Number of protein chains: 2
Amino acid sequence: MDLTERKRRILRAIIESYIQSAEPVGSKAIAQAIGMEVSSATIRNEMADLESMGLLEKPHTSAGRIPSVQGYRLYVNELMEEHKLSLQETERINQALRLKMQELDRVLDQAGRVVSQLTNYPAFALSSGMERVTIRRFDLLMVERNAFIIVVMTDSNIVRNRLIRLPSDLTEAQLQLLNTLLNTTFTGLTLEEITPELMRVAQHAAGDSYGLISLVVSFAIEVLESLERRTVHTSGLAHLLELPEYRSLDRAQPLLSYLSEDTDPARFPIPKDDPMKILIGPENVADALKDTSVVVASYDIGDGMRGVIGVVGPTRMDYAKITARLSYLAEGLSRLFGRGELPDGRDDHK
Amino acid sequence: MDLTERKRRILRAIIESYIQSAEPVGSKAIAQAIGMEVSSATIRNEMADLESMGLLEKPHTSAGRIPSVQGYRLYVNELMEEHKLSLQETERINQALRLKMQELDRVLDQAGRVVSQLTNYPAFALSSGMERVTIRRFDLLMVERNAFIIVVMTDSNIVRNRLIRLPSDLTEAQLQLLNTLLNTTFTGLTLEEITPELMRVAQHAAGDSYGLISLVVSFAIEVLESLERRTVHTSGLAHLLELPEYRSLDRAQPLLSYLSEDTDPARFPIPKDDPMKILIGPENVADALKDTSVVVASYDIGDGMRGVIGVVGPTRMDYAKITARLSYLAEGLSRLFGRGELPDGRDDHK
DNA sequence: GATTAGCACTCAGGTTGTATGAGTGCTAAA
DNA sequence: TTTAGCACTCATACAACCTGAGTGCTAATC
């Protein structure tokens, strides 16, 4: 059967109406929406065709039609018009970017929050995780005679620090010695390459009776681990309950629980090649997401890392609007963090 | 009217049954619970008395009784038996403490999560906020010719850092100069004392044409602000929906929204003098919490700061169990962070 | 005087039956 | 090919009814 232009118009009208109302839409309503060129009976015939093509379905005999997953897919791929962001919307997003994204450390979390506020859907944010991170340099700063600060910087330009106190005193010279030893022995190594063996050797070479080296190195290990570990942040969960499809607790609870237990990042889809991805209903791998849609976008955090932000909602979510906002935000984030241009307020360099 | 020993026993039985079941409890059930020494009719008489004393109430004529706010208050103050934590429970808490609390930075968030997991209620966590924080020292570390790291340490021993890139190159000597200038001019000052005036003077004195000083100082300001600003973290919101009183969306939604929009810490109660506080129903100030109970505990983060963790649940929450777990956890956290014993692995100092 | 058995009464919640209306599919006419 | 008309299907809302748990009161009992 042919997907005529009229069928496409009707399908689109049905989907957009359903996106708005969450109610099955009938032939009469569509006849009106299209502009009364044809009668509702004609629409009915067309709808029957669309249904047999698998693009629509009926919740029951005498209800209107609702889009099927295939229908949404067609809509997203071909029918959907690009949503133009209003000046207000872009301004709001820009403001969010300016205000919230000060600390790189908390980008993930913040990005999720912003997305959720922007879309009124629950959102999640995760980092795509780094592999093969290494420490680029160590710095030890003497604070008091029995306290110093470790500063480590990774090859991906992330800096972490910790204050260490000792049971006994330490001289500046000792610290210097330790510092150079660390920088010669433990830089450029991945997590796996830092073996207990290596530490023992270094400890011996330095004549380190205090176990200082292991203290500092274990901090470095912690940093490397935390960077390799991906974490997920979810936010705006309460938005879910505003949607008619989740007025029933039986529907809402499993999804809410799934999103709340944000332990395992593997459960959230990440876009591989494209900057943006739309997963409709059963296209999701996770069971709990089987009748929700997920829109994910990725952005460049710089230094080879990518961040991922996503929105979870009912299959009838307003794809046009969501994708527009999400991609605009992702671009903004890329601009902010990517290309080595960190959000420190610094300008472009070299 | 006298609150006889028998009345107290009955009241307690009613409250504990209601805490378990969330169903109004009838005379017969109580007669059984007490041990059938008396008949249900007697219980009925006693219950009528308790009701006229304002300790019980009826949802409607032919239902059982439920505790009133006053009833809960009496229970919490006098009737409640201390809940003994099982070995498993303490072990679980200790493990959570050991595993999760590695980074002081994320204590708040983590503490909230742990509480929520421990109690199966939504939890919130906030810091009591610091006042009059000052920078104790600056360190500038040269990374490349056009990049350096700022490390600032506050008088409360919190260390923060940031990587700064410059449009042009810089010599080690320049950085040294800047470093000493910062340490002589901008240490020991509170947020208010760092005026634009002062910055201009310093900039002039240093002949700082790059605006480097303002770059570094604005980072310092950011750090001070972030420490003074209190933030709230909520977690485990989905637990709310497991409770029968929030099976109805109309009840759950306002509360969920209230807890989700965790912007304003002022909306959450913090215990003033006592280490633990129980707020039952309308004893809460916030409207959205008027028919929930909140249990909060505070713990010592060290250096004069206190953290606050709390649990939100229905008025019929299991006060005995919750308070036991919460206070154990709070003590653990105090031990971990308080008394200058930071989780860095360092020991007591001076 | 305190306790108990018995009984009438109340009321939430579940079940059943019925009406309503939105929407459909099919057929015959335009 | 389109349209009007009609019979048919269901979800939903609503009223009527039943049931069972629980109460308050009264009169008998300890």
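Nothing here was measured: the structure is a model prediction, and the numbers come from that model. Reminder, nothing fancy here: chain letters follow the sequence lines and each chain counts from 1.
- Within the 4.5 Å cutoff, no side-chain heavy atoms of A:Pro24 are placed close to those of A:Lys58.
- The NZ atom of B:Lys58 sits 12 Å away from the C1' atom of C:dC11 (whole-angstrom rounding).
- Considering only side-chain N and O atoms, B:Thr42 lies nowhere under 4.0 angstrom from the phosphate OP1 or OP2 of C:dT3.
- When heavy atoms are screened at a 4.0 angstrom cut-off, B:Glu37 is found touching the sugar-phosphate backbone but no base atom.
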Worksheet item: Is there a salt bridge (Lys or Arg N to Asp or Glu O under 4.0 Å) between A:Arg251 and A:Glu245 once you walk through the steps?
Response: CA-CA 8 Å; A:Arg251 301 206 160 282; A:Glu245 28 271 282; over 6 Å; no
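- Atom CD1 of A:Ile43 is separated from atom P of C:dA22 by 19 Å (rounded to the nearest Å).
- No salt bridge links B:Arg65 with B:Glu57; every basic N to acidic carboxylate O contact stays at or beyond 4.0 Å.
- In this structure, B:Lys28 reaches neither bases nor backbone, as no heavy-atom distance under 4.0 Å exists between it and the strands shown.
- The pair B:Arg9-B:Glu37 counts as a salt bridge, with a side-chain nitrogen and a carboxylate oxygen less than 4.0 angstrom apart.
- Contacts between chain B and DNA chain D, taken as any atom within less than 4.0 angstrom of a protein heavy atom, begin and end at D:dA21 to D:dG24.
- Rounded to whole angstrom, the span from the CE atom of A:Met47 across to the P atom of C:dA22 amounts to 16 Å.
- Side-chain atoms of B:Ser62 and base atoms of C:dT10 include a donor and an acceptor less than 3.5 Å apart.
- The ring pair (Phe, Tyr, Trp, His ring centres under 6.0 Å) search around B:Tyr121 returns none, not counting sequence neighbours.
- Between B:Thr61 and A:Asn45, the residue anchored closer to the 5' end of DNA chain C is B:Thr61, taking for each the nucleotide with the nearest heavy atom.
- A:Ser40 comes within contact range of no nucleotide atom at all, as no heavy-atom separation falls under 4.0 Å.
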Please report, to 0.1 Å, the donor-acceptor pairs under 3.5 Å made by any side chain of residues 15-22 of chain B, with sequence neighbours excluded.
| unit_1 | atom_1 | unit_2 | atom_2 | d |
| --- | --- | --- | --- | --- |
| B:Glu16 | OE2 | B:Arg12 | NE | 3.1 |
| B:Glu16 | OE2 | B:Tyr75 | OH | 3.0 |
| B:Ser21 | OG | B:Ser17 | O | 3.1 |
| B:Ser21 | OG | B:Glu23 | N | 3.1 |

